[in-house]
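Presented below is the structure to which this report refers.
Only heavy atoms go into these numbers, but all of them, side chains included; no hydrogens, no water, no symmetry mates. Predicted model only: the values in this text are computed from it and were never measured.
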Amino acid sequence: MLLRFLIVLGLLAMVHRPALASDRAGVLLKLNSTAATEGTEDVKSWRIFFDAAMAITPLPEPMSDSFNMNTIWPGMESWESVASWAEENEHMGGAFIESAKRALIGLPYGSENVPPQFRTNDIVAEIGVDGYLHSFHFGYIPEVQKACLWATAELYRLFEVGETDRAINLLMSELIVLRKFCDRDFLKEQLAFMPMLGDALANARDMFYEYRSKLTPTQFRSFAKDGIPYLRTDPTRLLMPEGDRVVGEELVSELFTMTGEPDPAKFREILTDIQASQEPLTRFGAAKYWERIATNHRGREDSIGRLNKIYDDWWRRWKMRPFHPQLSVDTELQKSNPVKYAAVNLIIRDIQSLFFERDLLTTQINGTAVSAALCGYINHYKVYPRSLKMLYAQLLNRASNQDRFRPLKLRTDADWTLYSYPVDNFLYRRITKDTRIVTQSGDVFVKDGQCLLYSVSVNNEDDRGLNGGEDMIIWPPLKSLERNTGLID
């Protein structure tokens, strides 16, 4: 009798089990077997990079909106102390250079998979914080920000003292390392590192502008034709993050009984926690709502099928060319029934914003390559070209002259097959008189004899590059113009 009671009790525990460590272990096993993490230690750079980052001496001042990789430059008030700090941490340069040579970052998911010193310094990619599988903590991201802050300071310092070759090597290594961080498996990670790489590219253009005379046409050609294009973000190189999908499948599975029926208790427990983590004020009343939803929700197989259908739809869109007609059709997430698949809709993290970030990053990569080619051209010919076509072959790959925000002019959508590339070129002109550009900080001027390179940005309209809020001004860098006119410190 006692044995029968224990068996029944065990079965009930299996039916109503929470998201326990065994479930988390299975998720971590999958996450640490992806292209972003799997490999032998000799192809990974996470130990080299973060060991060096932990050894960086205390910053001259804490990272903030006024002290970060976007605000450091030789004209800042505290430049002497910043330059001295950068010089005393030169070991970080070797870590960047060596990490750039490795195939992947490879930082494993799960705090138990990193050394104790990493956990002490919060250098972790934790999944399942405090026992909640839906809760993530990427504590290593601020450490990457600190390392890139150092790299920015060190690059300006090296250019200032004339160590151009070292600066070029470090600059390209920093860009490559940040590009590798963009390959991480979670949406939150990619949304952190894509803008960070964009900021590093903006700093690179500022350095091209300020130290152009110190670089040779050959060095600029190397940037434009080899280095910058290596940061490719096409669908076969920059993959859509799959980590949220792996966790989502496990979370959805937890909501159902062994027979695949919705479990009201699990709906109440798990989904209330997820909703409260996103909208804390909704916890009151959420428990009853999810318990009621369970009575009308589809079963486990249908729910997991819906989750996979949503991700498969995103994958198809991820591989489509820009401005494909299918991209304007509602996504499977948008079409998902808000009651029958309410749990799936809550668990899934909408990645639509990532499509914009990828287009923005691709445009910045291409624009930086074109900027380097322009610098090489003027250094050699002492004048900017009349057209970007004059850069092709010798200084620039034609594939780099693509503005991801500018559609081709087509009679019908099928006409795009007649073109070599799916989007139009950057807009460019040589300036024949002083031209004013409106920025958020104030007005700046592009002088006669200079040039203007810009993207139409998200509004897809050519505003002549006269407003930094409407068009994306790529060259000359607005940051450089604003600093040189005293609009920003």
| remark: Sorted by chain and residue number, the side-chain contact (heavy atoms from CB on, under 4.5 Å) partners of Ala125 (sequence neighbours excluded) come out as Leu107, Tyr109, Phe138, Tyr140, Arg184
| field | Test side chain to side chain donor-acceptor pair (under 3.5 Å) applied to Ser400 - qualifying residues, sequence neighbours left out | value | none
| said: Tell me every residue that passes side-chain contact (heavy atoms from CB on, under 4.5 Å) with Thr259, counting only those two or more places apart in sequence or in another chain. | reply: Thr257, Glu261
| remark: The side chain to side chain donor-acceptor pair (under 3.5 Å) partners of Arg232 (sequence neighbours excluded) come to Asp234
| Test salt bridge (Lys or Arg N to Asp or Glu O under 4.0 Å) applied to Glu126 - qualifying residues, sequence neighbours left out | Arg24
| said: Any salt bridge linking Arg316 with Asp313? Criterion: basic side-chain nitrogen under 4.0 Å from a carboxylate oxygen. | reply: yes
| Is it the case that Trp315 and Glu242 place a side-chain donor and acceptor less than 3.5 Å from each other? | yes
| By salt bridge (Lys or Arg N to Asp or Glu O under 4.0 Å) - contacts of Lys146 (at least two apart) | Glu143
| query | Listed by chain and number, what are the salt bridge (Lys or Arg N to Asp or Glu O under 4.0 Å) partners of Asp463, not counting sequence neighbours? | reply | none
| request: Can you tell me which residue pairs pass the salt bridge (Lys or Arg N to Asp or Glu O under 4.0 Å) test with a partner in residues 61-70, sequence neighbours excluded? | output: none
| Is the closest side-chain donor-acceptor distance between Asn68 and Gln145 under 3.5 Å? | no
| With Glu87, which residues qualify under salt bridge (Lys or Arg N to Asp or Glu O under 4.0 Å), at least two apart? | Arg157
| task | List in chain and number order the residues that pass side-chain contact (heavy atoms from CB on, under 4.5 Å) with Arg483, two or more places apart in sequence or in another chain; answer none if no residue qualifies. | result | Trp73, Tyr156, Asp206, Lys479, Ile488
| note | By side-chain contact (heavy atoms from CB on, under 4.5 Å), Thr120 pairs with (sequence neighbours left out) none
| query | Side-chain donor-acceptor pair under 3.5 Å between Ser45 and Glu98, yes or no? | reply | no
| said: Test of understanding: with side chain to side chain donor-acceptor pair (under 3.5 Å), list the residues that count as partners of Thr295, not counting sequence neighbours. | reply: none
